[in-house]
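First listed ligand is number 1; within each ligand, the first listed atom is number 1. Computed from a predicted model, the values in this text were never measured in an experiment. We count residues from 1, following the sequence as given.
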Amino acid sequence: MSRNNTKKPKPGSVHIDDDISNGDFDFLDQTLRPSKWDEYIGQENIKQNLKILLSAAKERNHPPEHLLFYGPPGLGKTTLAHLIAKETASQMRNTSGPAIEKVGDLASILTNLSPGDILFIDEIHRLNKTIEEVLYPAMESGSLDIILGKGPSARTIQLELPPFTLIGATTKLAMLSSPLRSRFSGGVFRLEFYNEEEIVKIIKRSAKILGVSLDDTAASSIAKRSRFTPRTANYLLKRARDYAQVQKKDIDERMASEAFELLGIDYIGLNASDIKLLQTIASKFKGGPVGLNTLAASLAEEENTIEEFHEPYLLQLGFLERTPRGRTLTERAYKHLGLDFPEDKQKKLL
Ligand code: ADE
């Protein structure tokens, strides 16, 4: 498939071993994506569990049971699915929740599967309820129930599907209905943020693939700004490479810092939008609590963008807290902004 076609999926479309999301990141991800377990750094517990699951399934001569991966974007959910497809020597069919608009779209995907295929559904929380209900019998007993006709004369016919493994990925586990969640009989795995050492390893591996030379201080400087996320680390590595290339130099700490300053990324990886979000809570909402919708309106930003792209890292840094009454800024965030922590909040802590 040509790269130009990957931007917007057609409803119900399935791509064989290709991604459905944004073109540039896909290309980046695919070049740098690990193709062997040994190359996949971190997420040790998940890897161990998957290896057992896969070898047991292989011994039984049956596709692995259905799996669900969840966690913030960029942590390697799709990469894991690719590794599983490779390990089981199966074809990966790649689609996403929003691309499956009608029951017929899903029916067509399922009936076109070959035995042993991996069906990867990204953003699976965005499947609508009616479509979800078609998935239940498909996941549980490998059958597709098709209703013919309407009213009292309606009949159901059952089609037997080839054995397959569904791998779902989501950034929002809570939005998945519990009947769907419970059908991932192989397991539900949460991907964790990476530590700095792991990110440094990922950066060094990527640098080798890209043929760029960088020293340890530069690798660590990129890692510190990576938001503990491989996708961001790889993105920053490429930006530092571009900058150093234009300056006709190798990537050292100074080159990297200059490149990131120009991009408006600070020394812990916060960008201008993150800082604006924090400053807005501090200045307009006295440090919170402020509800997500109010905050989104005030920033002229989508709630989803705040929840998916800004908050995970700010929560991880301990800059933000989610309370039942809304988002609250912590003392650490005030310190990072160079502001005094309000006295009334100090008293509350005592
Ligand atoms: N790219 C994305 N995730 C990765 C990981 N865990 N290890 C190496 N490269 C990656």
Are the charged groups of E87 and K58 less than 4.0 angstrom apart, N to O?
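No, this pair does not count.
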
Residue-ligand contact P34/ligand 1, heavy atom below 4.0 Å:
yes

Heavy atom of R231 under 4.0 Å from ligand 1?
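The answer is no: ligand 1 sits nowhere under 4.0 Å from a heavy atom of R231.
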
Find all atoms of ligand 1 within a distance of less than 4.0 Å from any non-hydrogen atom belonging to E39, and give their numbers and elements.
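Selected atoms, number and element: 7 (N), 8 (C).
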
Which atoms of ligand 1 sit under 4.0 Å from any heavy atom of P230?
1 (N), 2 (C), 3 (N)

Please determine, by modelled atom types, if K224 and S220 share a side-chain donor-acceptor pair under 3.5 angstrom.
yes

State, without any angle test, whether K102 and N128 hold a side-chain donor-acceptor pair at a distance under 3.5 Å.
no

Is R183 close enough and on-axis enough to Y136, meaning under 6.0 Å and within 45°, for cation-pi?
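Yes, R183 lies over the aromatic ring of Y136.
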
Among all the protein's non-hydrogen atoms, which is closest to atom 6 (N) of ligand 1, and how far away is it?
I41 O, 2.7 Å

Take H125 and Y70 through the ring pair (Phe, Tyr, Trp, His ring centres under 6.0 Å) test and state the conclusion after the steps.
CA-CA 10 Å; H125 61 275; Y70 73 99; over 10 Å; no

Considering distance alone, does some N or O of Y194 sit under 3.5 Å from an N or O of ligand 1?
yes

